[in-house]
**Q** 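Can you keep this structure in mind? I'll have questions shortly.
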Amino acid sequence: MDLKKKIDNIATKTAAAVANSLSQDETKRETDGGDVDADVSALFRSAAAEGAVLLENNGVLPLKENSRVALFGITSYQTHFVGYGSGGDVNKPYAVSIADGIRNCGRLTLDENIASFYNDYNEKNPINHGFWAHWPFYYPEAGLDIDFVRRSSFNNDTAVVTIGRSAGEDRDCKNDKGSWLLADDEADMLDKVTAKYDNVIVLLNIGGIFDLSWLRRYKSKIGAVLIIWQGGMESGNAAADILCGKVCPSGKLTDTIANSIDDYPSSKNFGDKDFTFYKEDIYVGYRYFETFAKNKVVYPFGYGLSYTTFDIKKTGAKKTDSGFEFKIKVTNTGRYTGRQTVEIYLEKPCEPLGEPALVLTAFKKTGDLKPGESETVTLISDDYALCSYDDEGVTGYKNCYVINKGEFAFYMGENVRDVKKILTYYNENTVLYDKKEQVCAPKKEFDIMAAKKLGDSTVVSYKKAVVNSTDLRQRIISARPESIPQTGDRGYKLSFVKSGKCTMREFIAQLDNDELEAISRGDYTMNSPLGAKGNAGVFGGVLESLRDKGVMPVTTTDGPSGIRLSAQCSLLPCGTLLACTFNPDTVEKVYSAVAKEMKKRGSDVLLAPGMNIHRNPLCGRNFEYYSEDPLVAGKIAAAAVRGIQSEGASACPKHFACNNQEFRRNMNDSVVSERALREIYLKGFEICVKEGEPKSIMTSYNKVNSVYSHYNYDLCTAVLRSEWRYKGNVMTDWWMKKGKSPEFKNMSDQAYRVTAQVDVLMPGGSRGQNRTPDGTMLKSLKKKDGITLGEMQRTAENVLNLILDIKY
Ligand code: BGC
């Protein structure tokens, strides 16, 4: 290694030590017992292939049997299996690069001469993975000699070029070359390979969408473009399965790919250090593009090609008592066995609230269809989907879900752009569907985007967001729980509640204030000695006196791409990929396999799924999350939850809510209208809670409308528990920001949090703090305008119910 590299390495290590003391360390690695069941590998391989999205194909794919493949691009050999940070840091037992996948495939021959060139390069230039929040966005290319490329072309049929990107927690991507944009060395590689090869396939090894405007430059020189995403430990095998035609692509985009980052309406309001004004309001992703800017789209939402072709016909469409039912017959009219997703979109009357041109309202994927075979799928859209949330009162029903007067049209299609009308429903009068109270409305005045009809076209206009006018203090006081008279220890164990020997109320009555305090926080540190090595933190039985009463410690582990422990655990495909399967069944199966592993490894709560909306393509954690669309995010998350909880453990959907930017995520205030919250940013969580019934939920780091999520009564009590009937436990994201309640002068930090029913502070203390409570809860107890015993006991009940559920 030369001197410069040595100095770089020392600098990186020093900076990493400083950064890790302020954030999370990488999990310590063990190398034993990483055996993975062959069935699990096969399942992850097929899931990774199912989420791959074919963007272009001039017929070069699938590759003919025995094709000789020239494989270029550093990430073909040093594949990005997942992104960085807590959502990626899994101690995986193995991972198959794209090169190895092609070698394993059995139907293709890899050019080993090119492979050795890259291996030599990698040995001399090992990848610098950086450190927490300073991970690389891409790996610099090896630099190709044109003669080398030319000579290689004599021996090969096809060139496959991989372009890779990564991102991670605590840092957003940048609108720069090598992050959102193609790097110069990548362009150089593409120039040379396309100059010497007739058949060029581009693989995109990415965690979220990135700029593809450069594809236009190469036009017909690139025969096929396949997004393989970051496919977890089976990445390379899955990619090869599609290349060689063992698997027919069936993934669909869960985001719109537009011409430029500036085309996304959120881009103007992304990346500020203090405030993120969600000015685009409900017009996120395709809701914006299909309404106002169709010509800015390169690949529409829901788009993805197949090797085969399908005929999609409506065979039935009717109104039912509670919604609409569609029967759609899908026939494979091509030459390959494959599967297709049917998407149903809804157009609502634009006036008086302003509506997106189309909104996804149902989707369903067929099973494998052989050439000539058909399947009729049934899709349901309920009446709730017809509703809009009126936070202004323009429909006559302020703070209500209403079904507006006018024509509702349903469309079916293979993506949002290619749709056909299949049913029209006329609603004679505006109907009040559900009356709500104003919750979590903005405190700041700002303008939001609105759609206005102008003749036949719809144009952008702006209006003022409705600001908060409720009295939160009164609402909290009027809903306060009664306290349970404290009895002292009466010898009841937690298991007695299960067996009926005592009630939960009697059990809680025994807990003294210190125990109530302890139950509302973790055991202070990550990697708690009370749990499996490398855990994210432990809560529940964190005091001996609690354990004596049978309150067991509960071990939490990350996360979305697999269990993050010192022990080796399976690495899943990234969130975006899983969502692009458009197949909740697949996602449920994948997480059911994780659930079995959790049991073996000693994890009680998986800190997953990550399900924030892809508001802007530059968000650093998009790879963990699912989609710009809340229905997709919600359905996929619900499936993940069902899988994780299939063996009794708890899932923990996160980050509730509006963690749509990593930059200064601990400081940033997401300023957003109540309508956009309800229809976009909370909607996925609502679906997940109602359909998946998670036992835990994690709040986000950021503020939502001026209040940190971990103090947000409106989010965590009014919406989550009162409206959605959530029964589980809510925990903070790791180390919360301190704060004082504006409503109650004697409440700050832990008292403020528990009043909002954010039950557990994780991992328990502040960073670097001694292993003692910060005192803010008990100091507030019994003071005028302080926390009440009843509120502390209510939180204890939320936590104990979870423990009973997962441990007994
Ligand atoms: C992340 C969470 C994660 C937690 C524990 C935080 O930095 O935001 O998603 O679950 O750490 O690792």
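The residues of the chain are indexed from 1 along the displayed sequence. Ligands are counted one by one from 1 in listed order, and the atoms in each one are counted from 1 as well.
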**Q** For ligand 1, which atoms, with element, lie under 4.0 Å from some heavy atom of Met698?
**A**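 Near Met698, the atoms of ligand 1 are 10 (O).
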**Q** Go through ligand 1 atom by atom and flag the ones less than 4.0 Å from a non-hydrogen atom of Met526.
**A** 12 (O)
**Q** Just to confirm my output: which protein heavy-atom neighbour is closest to atom 1 (C) of ligand 1, and how far is it?
**A** Glu169 OE2, 3.1 Å
**Q** Within this structure, what is the CG-OG distance for the pair Asp774 and Ser748, rounded to the nearest 0.5 Å?
**A** 7.5 Å
**Q** Ion pair present between Asp604 and Lys695, side-chain N to carboxylate O less than 4.0 angstrom?
**A** no
**Q** Need the ligand 1 atom indices (1-based, order shown) with element for anything under 4.0 Å from a heavy-atom of Lys654.
**A**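 The atoms of ligand 1 under 4.0 Å from a heavy atom of Lys654 are 2 (C), 3 (C), 9 (O), 10 (O).
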**Q** Identify, by atom number and element, the atoms of ligand 1 in contact range of His655, meaning under 4.0 Å from any of its heavy atoms.
**A** 2 (C), 8 (O), 9 (O)
**Q** Any idea which atoms of ligand 1 are less than 4.0 Å away from a heavy-atom of Arg564?
**A**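 By the 4.0 Å cutoff, the relevant atoms are 12 (O).
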**Q** Would you mind running through ligand 1 and noting each atom that sits below 4.0 Å from a heavy atom of Arg665?
**A**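 That gives atoms 7 (O), 8 (O) of ligand 1.
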**Q** Could you list which atoms of ligand 1 come closer than 4.0 Å to a heavy atom of Leu607?
**A** 10 (O)
**Q** Among all protein heavy atoms, pick the one closest to atom 2 (C) of ligand 1 and tell me residue, atom and distance.
**A** Asp733 OD1, 3.3 Å
**Q** For Tyr84 and Ser166, what are the C-alpha separation, side-chain angles and deciding distance, and is it a side chain to side chain contact (heavy atoms under 4.5 Å, CB included)?
**A** CA-CA 7 Å; Tyr84 291 102; Ser166 204; 3.5 Å; yes
**Q** Could you identify the single nearest non-hydrogen protein atom to atom 11 (O) of ligand 1 and state the distance to 0.1 Å?
**A**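 Checking every protein heavy atom, the shortest distance to atom 11 (O) of ligand 1 gives Gln24 NE2, 2.5 Å.
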**Q** Side chains of His655 and Tyr625: any donor to acceptor distance under 3.5 Å?
**A**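 On atom types as modelled, these side chains qualify, holding a pair under 3.5 Å.
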**Q** Is the shortest distance from a heavy atom of Glu624 to ligand 1 less than 4.0 Å?
**A**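 Flag not set, Glu624 not near ligand 1.
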**Q** So that I can tick it off, tell me whether Arg678 and Glu723 are bridged by a salt bridge, with the cut-off set at under 4.0 angstrom between side-chain N and carboxylate O.
**A** yes
**Q** Before giving the answer on ring pair (Phe, Tyr, Trp, His ring centres under 6.0 Å), spell out for Tyr752 and Tyr708 the whole-Å C-alpha distance, their side-chain angles and the decisive distance to 0.1 Å.
**A** CA-CA 11 Å; Tyr752 186 14; Tyr708 276 115; 9.2 Å; no
**Q** Would one find an N or O of Trp132, backbone or side chain, under 3.5 Å from an N or O of ligand 1?
**A** no
**Q** Quick one: does ligand 1 sit under 4.0 Å from the side chain of Arg621, the backbone, both or neither, non-hydrogen atoms only?
**A** side chain
**Q** Tell me whether Glu691 is salt-bridged to Lys635, with the criterion being a basic N under 4.0 Å from an acidic carboxylate O.
**A**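 Yes, charged N to carboxylate O under 4.0 Å.
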**Q** Any Lys/Arg nitrogen of Lys703 or Asp669 sitting under 4.0 Å from an Asp/Glu carboxylate oxygen of the other?
**A**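 Answer for the salt bridge query: no.
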**Q** Whether Glu169 and Arg665 form a salt bridge (side-chain N of Lys/Arg under 4.0 Å from carboxylate O of Asp/Glu) is what I want to check.
**A** yes
**Q** Which option out of Asp558, Asn535, Asp170, Thr732 puts a heavy atom nearest to atom 5 (C) of ligand 1?
**A** Asp558
